[in-house]
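Numbers for residues simply follow the sequence, beginning at 1.
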Amino acid sequence: MGLFDDMMSSGRGPGLIGTLLALLVVVGFGGLFFMVTDEGMLGGAKSIESVIRDQGKRVEELKSKIRMKEESLQVLPERQRIAKEEEVISRQTRLNEGEVTGRRDLLPRIGGEIAAMNKDFEAYKQAYRNQVRAQAKGATFAEIKTLKGRVFRNVTVSSVDAVGMSFKYEDGSSRADFVDLPAEIQERFQYDPDEQQLAKKAESSTVMAHNDEVNRALADQAQKNRDTADRKKADQLVKDTAELAALEASIQPIDQKILETQTAWDKDRAQARTSGGLVDSARYSEALNTLKSKRAANVRRIAELRASTRN
């Protein structure tokens, strides 16, 4: 054997180097055991079991976060797809809103055009009705039987309007409402219920307006008559009052004249009895009668005037 072999092992034992290696292994395991079991080396009062548990919890937390990240990564494409669809829908919605706004802006113009077309069409229909009805004058029918059962023979049309037809026939003249005329006549002369209704309302309004005007005229005339009568009455009252005053003032002079005439007559009769002369009694009697008649007439007139002035 060489020297090196002797150093590693010998018949008597491991040899020097073998012994040293054995000592190093023992010391290493001892140090490791010391580090594992030494509380100071483990960072305080934690045991290796608690450290293992904490590390296990930490590992589980990390695993949970990894799963969450994986789930998020799995959801992300779906979210991206939904976001893209939302963007497409939003863009289409904006386009649709713009189109709707544009069409909405067209509605007033279209409505105006439709209204103008309807107005033109109504004007055309009315012009056609007027023409047909104007040409109706002189049209003849051998017989017309109304829906109410009345029969007219040898009919000649006088005029046609929105309400009906005026005509002459063998027994005179008459007028019939469109609603009472046969369908062929209604169609020929363009009967329109709405137009007829408007015409009747207008006619009724015209009649009412005329009646109102007549009534106002009559009322105005009645008021004028009352005013005239009141003025005449006032004027007459003034005249009657003046006449009454004059007649009342005339009574006393008449009475005085009667007294003087009677006194003169009595005096002449007394003288005549004394002297034997004649008295013209007829003259005195006539004068007294005239005065008394005048007084009586004045009294009657005074009574009439007093009654009228009181009223």
Side-chain angles (χ1 to χ4, degrees), residues 119 122-123 126-127 129-130 133-134 136-137 146 148 150 152 156-169 171-181 189 191-262 285-311:
K119 184 177 180 181
E122 290 298 325
Q126 189 59 51
R129 292 191 195 106
N130 294 339
R133 292 167 186 170
K137 185 176 181 179
T146 67
K148 293 180 180 178
R150 190 173 180 184
F152 299 95
T156 301
V157 177
S158 301
S159 64
V160 177
D161 54 30
V163 177
M165 181 175 71
S166 299
F167 53 89
K168 296 178 181 179
Y169 66 109
D171 294 329
S173 60
S174 184
R175 178 174 174 80
D177 195 303
F178 267 129
V179 296
D180 194 30
L181 291 173
F189 296 126
Y191 166 56
D192 183 272
D194 294 335
E195 183 193 21
Q196 184 190 58
Q197 190 67 24
L198 291 174
K200 285 185 175 181
K201 286 183 178 179
E203 182 178 348
S204 177
S205 298
T206 301
V207 171
M208 291 179 62
H210 174 71
N211 292 338
D212 290 342
E213 184 177 354
V214 170
N215 291 334
R216 284 195 298 270
L218 292 175
D220 292 342
Q221 186 60 45
Q223 185 61 47
K224 289 179 180 178
N225 293 340
R226 287 193 295 270
D227 294 342
T228 300
D230 291 341
R231 284 195 299 271
K232 289 182 177 180
K233 185 176 180 180
D235 294 341
Q236 189 63 44
L237 179 61
V238 172
K239 292 179 180 179
D240 290 348
T241 301
E243 184 182 0
L244 176 61
L247 290 173
E248 288 177 339
S250 71
I251 295 299
Q252 185 175 359
I254 292 173
D255 288 342
Q256 182 65 33
K257 189 65 176 176
I258 290 172
L259 179 59
E260 290 175 354
T261 301
Q262 185 66 49
S285 177
E286 183 180 356
L288 285 174
N289 288 335
T290 300
L291 290 171
K292 288 179 180 179
S293 296
K294 185 176 181 180
R295 185 182 190 281
N298 288 356
V299 169
R300 287 194 300 271
R301 182 59 179 162
I302 287 172
E304 293 174 357
L305 291 173
R306 284 177 177 173
S308 65
T309 55
R310 282 197 298 268
N311 295 331

Kindly indicate whether the side chain of [X], heavy atoms from C-beta on, has any atom under 4.5 Å from the side chain of [Y].
X      : Y      : result
Arg231 : Thr228 : yes
Arg150 : Ser174 : yes
Asp212 : Arg216 : yes
Thr206 : His210 : no
Glu260 : Gln256 : yes

From [atom1] ([X]) to [atom2] ([Y]), nearest 0.5 Å:
X      : Y      : atom1 : atom2 : answer
Lys233 : Asp230 : NZ    : CG    : 7.5 Å
Lys294 : Ile251 : NZ    : CD1   : 9.5 Å
Glu248 : Glu243 : CD    : CD    : 11.0 Å
Glu304 : Leu244 : CD    : CG    : 11.0 Å
Lys224 : Asp220 : NZ    : CG    : 6.5 Å
Leu305 : Asp240 : CG    : CG    : 5.0 Å

Cationic N near anionic O, under 4.0 Å, Asp161 to Arg133: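 No, no charged N to carboxylate O under 4.0 Å.
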
With a sphere of 6.0 Å drawn around [atom1] of [X], does it hold more than 12 non-hydrogen atoms of other residues, nucleotides or ligands?
X      : atom1 : value
Gln223 : CD    : yes
Glu122 : CD    : yes
Gln221 : CD    : yes

Kindly give the heavy-atom pair with the smallest separation between [X] and [Y], and that separation in Å.
X      : Y      : answer
Phe189 : Ala136 : CE2-CB, 3.2 Å
Gly164 : Arg175 : N-NH2, 3.6 Å
Val160 : Phe178 : CG1-CZ, 3.7 Å
Asp177 : Val163 : OD1-O, 3.4 Å

Tyr191 vs Val179, side chain to side chain contact (heavy atoms under 4.5 Å, CB included): CA-CA, chis, key distance, verdict: CA-CA 9 Å; Tyr191 166 56; Val179 296; 3.2 Å; yes

Test side chain to side chain contact (heavy atoms under 4.5 Å, CB included) applied to Arg310 and Arg306, step by step: CA-CA 6 Å; Arg310 282 197 298 268; Arg306 284 177 177 173; 3.7 Å; yes

Ser204 side chain to Lys201 backbone, donor-acceptor under 3.5 Å: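 No: the side chain of Ser204 does not pair with the backbone of Lys201.
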
Side chain to side chain contact (heavy atoms under 4.5 Å, CB included) between Thr146 and Phe152, worked out: CA-CA 8 Å; Thr146 67; Phe152 299 95; 3.7 Å; yes

